[in-house]
Amino acid sequence: MENEVDLFYRQMPKVELHAHLNGSVSFSTIEKLTARKPHLNIEHNMTAICSGQRRTLDECFQVFKVIHQLVDTEEDILMVAKDVIRQFADDGVKYLELRSTPREEKNTGMTRRSYVQTVIEAISQCGNEGLDIEVRFLVSVDRRHGFEVAMETVKLAEDFMLSTDGLVVGLDLSGDPTVGHGGDLLPALQKAKNCGLKLSLHMSEVPSQVDESELLLNIPPDRIGHGTFLHPEVGGAQSLVDKVTMNNIPLELCLTSNVKGQTVSSYSNHHFLYWYNKGHPVVICTDDRGVFCTELSREYQLVASTFGLSQEDMWSLSHKAIDYTFASASLKEQLHRRWLELRPSLFQTVPN
Ligand SMILES: CC(C)=CCNc1ncnc2c1ncn2[C@@H]1O[C@H](COP(=O)(O)O)[C@@H](O)[C@H]1O
Ligand SMILES: [Zn+2]
């Protein structure tokens, strides 16, 4: 891991709303996986982008291909998902929305359905272990896989939403933003929304997606991933900003991911400031904590140090994020109470 994170940010209760399962695999879990599959000859620098390194977007997406080779059975998924949940809990995350793309692996017999079933099993095993974290699942649609797979994935998400008593809460649209057009997937996304799934869509992660973002915002989604190039100052459009603000759609912001993937030139140039200054809902997230060698506590600390925000400001960001979750009203209320209970000891033991 890179330099130390203050105890304050580690202990501060947090919600994580943008975490891709296979991007969140830690070094220690990768070691367990490479020991299971030594013949693949995979080294750590092929699965993570650590201190000071930056890669092109394309190189970053290659990393996921390597991780997918390591994680290709139900047994792997179960271990990875349980490890990832435990590690978020260790970092003070009290509510986690994990997302992942159901993957079919012909060689091992894993199907998209058994994939989702296994993630659900991992969540319920962590619940039985009494971990201090509530976990919900968003099923991811990979934009590279086209309309047919998207429709199939929506059906799967709907089935599991109904059969898991609400553990599956929504649908994510992700994948390499330079491939495919989100507009082609609109009917699938609309179908998901109509059946009660919440939508979190990666949007304007790279420049020149104005047309696509206009279409996606018409649905409208319940949350936006990144939204790096929405505003006119960076080549987006005022009409996009207007739609986002009118519908009050929270943005999931992942600083380290954007800087290491080079869609944002530096931390201080991150679009966090644009939306924060507007008073628009934003939530700090990790995206891929394993691949980008970060943690949610580190991301909070980074935002505070980059933009000169106080511990009170950061607390307030973390507290407000509860309202942007896809949790039920009663769980949101429970989380609010929890935050208020934890607050005095946090500000007492860890002075400013
Ligand atoms: C390259 C880069 C800067 C990544 C960060 N931005 C991202 N943008 C779009 N999709 C993503 C990103 N990070 C992870 N994903 C999606 O999450 C997958 C990995 O997690 P999973 O297999 O769905 O469990 C990737 O294959 C990709 O489809
Ligand atoms: Zn993402």
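Just so it is clear, the structure is predicted and the values come from calculations on it, not from any experiment. We count ligands from 1, going down the list as the structure has it; atoms in each ligand are counted the same way.
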D288 N/O under 3.5 Å from ligand 1 N/O
yes
Ligand 1 atoms nearer than 4.0 angstrom to some heavy atom of N22 are 20 (O), 21 (P), 22 (O), 24 (O)
Do the ring centers of F307 and F272 come within less than 6.0 Å of each other?
yes
Side chains of E299 and T294, donor plus acceptor under 3.5 Å
yes
Pair D132 + K94, salt bridge at N-O below 4.0 Å
yes
I want to know whether H18 and H202 have ring centres closer than 6.0 Å.
yes
The closest protein heavy-atom partner of atom 23 (O) of ligand 1 is T101 OG1, 2.5 Å
How far does CG of L240 sit from CD of Q209, to the nearest 0.5 angstrom?
10.5 Å
Distance from atom 22 (O) of ligand 1 to nearest protein heavy atom, with residue and atom:
H68 NE2, 2.7 Å
Would you say S239 and E214 are linked by a side-chain donor-acceptor pair, where the criterion is simply a distance under 3.5 Å?
yes
To 10 degrees, how wide is the angle NE2 (H202) to the Zn ion (ligand 2) to OD1 (D287)?
170°
For atom 1 (C) of ligand 1, which of the options C60, G225, S257 provides the nearest non-hydrogen atom?
C60
Answer yes if the side chains of S297 and D91 hold a donor-acceptor pair under 3.5 Å, and no otherwise.
yes
Can you tell if the side chain of R338 reaches within under 4.5 Å of the side chain of P13, non-hydrogen atoms only?
no
Sub-4.0 Å atoms of ligand 1 with respect to non-hydrogen atoms of D142:
28 (O)
When you take the SG atom of each Cys, C285 and C254, is the space between them under 2.5 Å?
no
What protein heavy atom lies closest to atom 24 (O) of ligand 1? Include the residue and the distance to one decimal.
S100 OG, 2.6 Å
Is there a polar contact between ligand 1 and R103, counting only N or O atoms under 3.5 Å apart?
no
Residue H20, metal the Zn ion (ligand 2), N/O/S under 2.8 Å:
yes
At a threshold of 2.8 Å, where the distance has to be below it, does the Zn ion (ligand 2) have an N, O or S atom of D172 nearby?
no
H20 to ligand 1: N or O pair under 3.5 Å?
yes
Quick one: which of R223, R136, K198 gives a side chain to side chain donor-acceptor pair (under 3.5 Å) with E97?
R223
Nearest to atom 6 (N) of ligand 1, what protein heavy atom do you find, and at what distance?
E205 OE2, 2.8 Å
Within a radius of less than 6.0 Å around CD of E333, do more than 12 heavy atoms belonging to other residues, nucleotides or ligands occur?
no
Can you confirm, on distance only, whether ligand 1 has an N/O atom lying under 3.5 Å from any N/O atom belonging to D176?
no
Among all the protein's non-hydrogen atoms, which is closest to atom 19 (C) of ligand 1, and how far away is it?
F64 CD2, 3.7 Å
Can you find a pair of side-chain heavy atoms, one from Y115 and one from L156, that are under 4.5 Å apart?
no
At under 4.0 Å between heavy atoms, which part of L57 makes contact with ligand 1: side chain, backbone, both or neither?
both
For atom 5 (C) of ligand 1, closest protein heavy-atom neighbour
D287 OD2, 3.0 Å
min-distance protein heavy atom vs atom 28 (O) of ligand 1 -> R144 NH2, 3.2 Å
Test your reading of the structure: does S140 have an N or O sitting under 3.5 Å from an N or O of ligand 1?
no
Any N/O/S atom from H18 (main chain or side chain) under 2.8 Å of the Zn ion (ligand 2)?
yes
Taking the six-membered ring for Trp, are the ring centroids of F8 and F347 within less than 6.0 Å of each other?
yes
Taking only heavy atoms of L21, which atoms of ligand 1 are found under 4.0 Å from at least one of them?
24 (O)
For atom 9 (C) of ligand 1, what's the nearest protein heavy atom and its distance?
G175 O, 3.3 Å
Intermediate values then yes/no, ring pair (Phe, Tyr, Trp, His ring centres under 6.0 Å), H336 and H319:
CA-CA 7 Å; H336 275 298; H319 190 200; 4.9 Å; yes
Can you list the ligand 1 atoms lying under 4.0 Å from a non-hydrogen atom of F292?
2 (C), 3 (C), 4 (C)
